[in-house]
There are 2 protein chains.
Amino acid sequence: MKAIVWDKGLRFVEDYPPPEPKKGEALIRVIMAGICNTDLEIMKGYMGFTGILGHEFVGVVEVVTGDNRCLIGRRVVGEINCGCGMCPAYCLKGLQNHCPGRTTLGIAKKDGAFAEYITLPEGNLYEVPDNLSDEEAVFTEPLAAAFEITDQIHVKPTDRVLVIGDGKLGLLCALALKLTGADVSLAGRHGAKLEIAQDQQVTAITIEELIIEKIYDIVVEATGRPDGLATALKLVRPRGTIVLKSTVADERRINLTPVVVDEIHLVGSRCGPFKPALRAMSKGGINVKPLISGIFPFSEAPRAFEKARERESLKIIIDFR
Amino acid sequence: MKAIVWDKGLRFVEDYPPPEPKKGEALIRVIMAGICNTDLEIMKGYMGFTGILGHEFVGVVEVVTGDNRCLIGRRVVGEINCGCGMCPAYCLKGLQNHCPGRTTLGIAKKDGAFAEYITLPEGNLYEVPDNLSDEEAVFTEPLAAAFEITDQIHVKPTDRVLVIGDGKLGLLCALALKLTGADVSLAGRHGAKLEIAQDQQVTAITIEELIIEKIYDIVVEATGRPDGLATALKLVRPRGTIVLKSTVADERRINLTPVVVDEIHLVGSRCGPFKPALRAMSKGGINVKPLISGIFPFSEAPRAFEKARERESLKIIIDFR
């Protein structure tokens with residue numbers, strides 16, 4: 001099958017052996033898959049992963065090996081963490097995303113979605129509502145990561161919230177957070193990206209306009225830059241909350257004394273719940289279409305990666321049909 | 001009056017002008033005051049403070065300027081943060097410890113307790129129960145900082161808690177936390193210090209015995225070392241909580257990716273509530289006496305500071321009578 005493989009270099013191959021679904025797994029034919037910054041970080045050494053990249057996808061179930069025969073032929077998206085299903089500390093508490101023995105699609109010990117076929121446990125799959133296009137469905141995984149914030153912390157409608165970083169993740173976080181009714185702002189460097197948020201009831205602030213003052217109840221760090229946390233610490237109010245969304249391969253040099261003196265809550269936030277993400281896109285609360293910067297067929301996948309690295313780009317999607 | 005003044009160097013003077021209480025403040029004659037690691041950090045540049053050092057004290061009220069005439073002659077301890085009393089975001093919400101305009105005794109814009117006299121707002125003072133000695137009362141402020149942890153986060157009796165760092169603050173945190181009924185361990189490098197915790201229902205673990213595994217629900221970082229957080233990240237379970245208690249003058253170089261991947265809650269924690277601290281010492285739940293490493297008269301204060309810097313020392317107290 002066609003596949004995009006990372007192993008020190010990026011290879012675009014046509015003869016990769018298709019995966020075999022294990023008991024309880026489904027075999028899914030990938031329709032489209034999105035390039036995430038995490039893919040680019042993996043190519044810098046993050047997670048030490050080698051194999052097929054990619055974890056944002058929409059596809060059609062072709063084979064099931066477990067009980068969910070009704071999934072066959074359905075258009076699905078899928079949660080990317082696969083727990084052992086048995087550990088009492090995590091899997092049996094509904095925390096399979098934190099199972100120490102987990103594999104993660106295209107990130108850890110499991111081939112990913114930049115391929116014609118993938119496997120995932122049937123329980124990880126969610127049917128895509130008919131009114132969502134394939135390219136919208138690709139956003140389910142990253143939008144779910146944005147909803148992880150409100151799944152972890154209570155964002156009140158009276159809160160003043162700032163998201164820093166107007167990349168894909170920052171934009172999706174701002175869009176998910178505005179649903180709380182809170183006063184949500186997005187700070188970034190790119191006028192065109194900020195406009196996407198502005199068009200959907202988020203206040204856009206350019207870096208030049210941003211007043212450095214400790215006034216925000218909640219600051220979401222989604223810059224992907226090593227200095228993002230230091231910036232967030234200058235903007236969050238005493239006793240406020242900073243949500244860390246960026247995973248970067250580099251170490252950061254930081255003075256954490258303000259965390260202690262201002263008694264800041266710092267919350268790391270990763271993968272999130274798929275159902276609210278599908279619901280928000282399907283019911284019209286969040287429009288992800290303006291975030292699409294390009295859809296490339298597999299034959300042009302090298303160009304897709306070039307484009308994904310450009311500062312101006314948002315979501316780049318590869319079409320595997 | 002006698003006073004210990006920090007201004008690039010440490011000066012032990014006898015002719016410092018006594019402070020004048022402002023409206024609403026009390027004038028307090030200091031009986032004893034304790035040396036805190038924060039004092040030693042200030043002498044390395046932390047907070048950029050100059051003036052009389054010291055913020056852990058017990059004293060007797062000599063003058064009141066406000067309504068609390070009943071305080072006169074009482075033996076008191078006092079909260080060290082003095083808010084403006086008027087700001088709606090902090091003081092009027094009971095958060096004067098975070099008032100942006102606050103002064104802090106011996107730490108920020110207010111002369112401290114290494115002196116014969118100090119002033120504090122009357123509302124900051126708490127009478128010391130008769131059954132507590134002067135030297136025990138000196139521990140109220142640092143023990144209150146330990147109780148700040150359970151004031152900020154819910155520690156469950158089913159939690160597995162680890163305090164790292166067997167200095168004064170680490171010991172007091174372990175002692176305060178054991179009152180929750182949780183399984184509390186203290187990890188450190190000093191057998192004699194660990195024994196103090198062991199004698200009071202805390203499990204003591206030497207650094208050599210400590211198994212580096214992500215198993216603790218809550219890890220309290222009280223090492224005072226720049227690498228303390230990195231160690232804590234190797235010990236806290238996914239979705240667990242790290243409480244940061246150390247304030248150090250240095251920057252730390254750290255990879256915060258585990259905070260995101262393991263979705264760790266990181267909570268900065270500073271000054272805490274005095275009443276639970278007085279109650280725990282007075283009612284016998286916590287015995288701080290074994291933490292006293294020496295009591296020195298003002299005439300021997302230079303030796304007191306030398307002793308406070310020794311690795312083996314715990315609390316050093318200066319007697320101002």
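Quick note on labels: first sequence line is chain A, next is B, and so on, each numbered from 1. Keep in mind that the numbers below use all heavy atoms, side chains included, and drop hydrogens, waters and symmetry copies. Quick caveat, the model's predicted, so the values are computed rather than measured.
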With respect to chain A, which residue among [options] yields the maximal number of heavy-atom pairs within a distance under 4.5 Å?
{"options": "B/L266, B/L229, B/I264, B/V267", "result": "B/L266"}
{"options": "B/I153, B/V260, B/D262, B/T241", "result": "B/V260"}
{"options": "B/P238, B/A89, B/C271, B/P100", "result": "B/P238"}

- request: Select one option (side chain, backbone, both, neither) describing which atoms of A/I242 are under 4.5 Å from chain B's heavy atoms.
  value: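 Neither; nothing under 4.5 Å.
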
Can you confirm whether more than 12 heavy atoms, excluding those of A/I211, are under 6.0 Å from its CD1 atom?
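Counting other residues, nucleotides and ligands, CD1 of A/I211 stays at 12 neighbours or fewer.
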
Surrounding NZ of A/K156 (heavy atoms of other residues, nucleotides or ligands, distance under 6.0 Å), is the total greater than 12?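 Open: at most 12 neighbouring heavy atoms sit under 6.0 Å from NZ of A/K156.
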
Tell me, for B/L244 versus chain A, whether the close heavy atoms (under 4.5 Å) come from the side chain, the backbone, both or neither.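 For B/L244, heavy atoms of backbone and side chain both lie under 4.5 Å from chain A.
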
**OP:** Could you pull out the closest heavy-atom pair between B/R239 and A/L95, with the gap in Å?
**Re:**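 For B/R239 and A/L95, the tightest heavy-atom pair comes out as NH1-CD2, 3.7 Å.
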
> What closest approach, in Å, do B/R102 and A/V261 show between heavy atoms, and which atom pair accounts for it?
Replying inline: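 Looks like NH2-CG1, 3.7 Å.
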
Charged N to carboxylate O under 4.0 angstrom, B/E263 versus A/K245?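 Between A/K245 and B/E263 there is no salt bridge, as every charged N stays at least 4.0 Å from the carboxylate O atoms.
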
